[in-house]
Amino acid sequence: GAVVSQHPSWVICKSGTSVKIECRSLDFQATTMFWYRQFPKQSLMLMATSNEGSKATYEQGVEKDKFLINHASLTLSTLTVTSAHPEDSSFYICSVRLLTDTQYFGPGTRLTVL
Amino acid sequence: AQTVTQSQPEMSVQEAETVTLSCTYDTSENNYYLFWYKQPPSRQMILVIRQEAYKQQNATENRFSVNFQKAAKSFSLKISDSQLGDTAMYFCAFTTTTSGTYKYIFGTGTRLKVLA
């Protein structure tokens, strides 16, 4: 499988500020990465599909201008939560899809907006 | 629309016993893939097992095996010789080749607790 890292693992920020979360594929080049959001005791909700060198594809109901995704290289995708508010507090998880159908997940980032 | 259903929100099993988690799905596709992921308290999603729909043989990975019934659209996970470390949330997931992106559809999860 692939080894995926996320940074930071936990971030606390003030309302109105922006937060950037990094997702790195450490041992594989990934043309496709996914970003998920998970609320406590719930399943993963796909936010967007991130393709290297092109614009991300957002799921219905996800605000593109609020959740900016940049897949600048084959090993790095970033999610920026702009003008964060308390309702954006959540657990954010990225995954990497290799050449096959299988996704490998990062350890997640806990975002708390005060 | 494609859906994945996990009808057991919570389950418990005694250590060393066997437990089966159920998952059903709905699709009109013929080529697809099914997965079980484990999410322990650390919240790291870990791939447990993968099944290709065109393979009739059930996938196995050590103590983990699946019962894949394609006609019934059922994909259950059997955990044998349960260990305390198996305590986790288990998610069933489905993806197809037709979308091109291989997006996953997840079930709502089953919380498994292994009792000492």
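Order of the sequence lines sets the chain letters (A, B, ...), proteins ahead of strands, with each chain counted from 1.
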**OP:** Give me the contact list for residues 14-35 of chain B versus chain A, heavy atoms only, anything under 4.5 Å, ordered by residue number.
**Re:** Tyr33(B), Phe35(B)

Original post:
Do Met33(A) and Phe67(A) belong together in a cluster built from hydrophobic side chains that touch within less than 4.5 Å?
Top reply: no

**OP:** Report the relative orientation of the aromatic rings in Phe105(A) and Tyr37(B); use parallel for angles under 30°, tilted for 30 to 60°, perpendicular for over 60°.
**Re:** perpendicular

Original post:
Would Val13(B) end up clustered with Tyr90(B) when hydrophobic side chains under 4.5 Å apart are linked, directly or stepwise?
Top reply: yes

**OP:** Measure Arg50(B) against the heavy atoms of chain A and call it side chain, backbone, both or neither at under 4.5 Å.
**Re:** side chain

Original post:
With a cut-off of 6.0 Å (strictly less than), are more than 12 heavy atoms of other residues, nucleotides or ligands near NZ of Lys73(B)?
Top reply: yes

**OP:** Go through the atoms of Thr102(A) and report whether side chain, backbone, both or neither lie under 4.5 Å from a heavy atom of chain B.
**Re:** both

**OP:** Calculate, to the nearest 0.5 Å, the distance between atoms CG and CD belonging to Leu44(A) and Gln39(B) respectively.
**Re:** 6.0 Å

Subject >> Side chain / backbone / both / neither for Leu46(A) at chain B, heavy atoms under 4.5 Å >> reply: side chain

Original post:
Above 12 or not: heavy atoms from other molecules or residues under 6.0 Å from NZ of Lys66(A)?
Top reply: yes

Subject >> Exam field: side chain Gln103(A) to backbone Lys103(B), donor-acceptor pair closer than 3.5 Å >> reply: no

Original post:
When you look at Lys41(A) and Arg111(B), which way does the side-chain contact (heavy atoms from CB on, under 4.5 Å) test go after all the steps?
Top reply: CA-CA 9 Å; Lys41(A) 297 186 179 181; Arg111(B) 186 172 301 277; 3.5 Å; yes

Original post:
Gln38(A) versus chain B, heavy atoms under 4.5 Å apart: side chain, backbone, both or neither?
Top reply: both

Original post:
What part of Glu52(B) lies closer than 4.5 angstrom to a heavy atom of chain A: side chain, backbone, both or neither?
Top reply: neither

Original post:
Are Val96(A) and Leu76(A) linked, directly or through other ILVMFWY residues, by side chains that come within less than 4.5 angstrom of each other?
Top reply: no

Original post:
Ile93(A) and Phe91(B): same hydrophobic cluster, using ILVMFWY side-chain contacts below 4.5 Å?
Top reply: yes

**OP:** Specify the closest pair of heavy atoms between Arg110(A) and Arg43(B), including all atoms of both residues, with the distance to one decimal.
**Re:** NH2-NH1, 4.1 Å

Original post:
Between Leu68(A) and Ile21(A), is there a shared hydrophobic cluster once you connect ILVMFWY residues whose side-chain heavy atoms come closer than 4.5 Å?
Top reply: no

Subject >> Backbone N/O of Gly109(B) and side chain of Ser43(A): donor-acceptor pair under 3.5 Å >> reply: no

**OP:** Check whether more than 12 heavy atoms from other residues, nucleotides or ligands sit under 6.0 Å from atom CD of Gln56(B), and answer yes or no.
**Re:** no

Subject >> pair Tyr102(B)-Thr32(A): side-chain heavy atoms closer than 4.5 Å >> reply: no

Original post:
What's the spacing between Phe106(B) CZ and Gln42(A) CD if we round to 0.5 Å?
Top reply: 14.0 Å

**OP:** Flag the one option from Phe34(A), Phe91(A), Tyr36(A) with the top tally of heavy-atom pairs under 4.5 Å to chain B.
**Re:** Phe91(A)

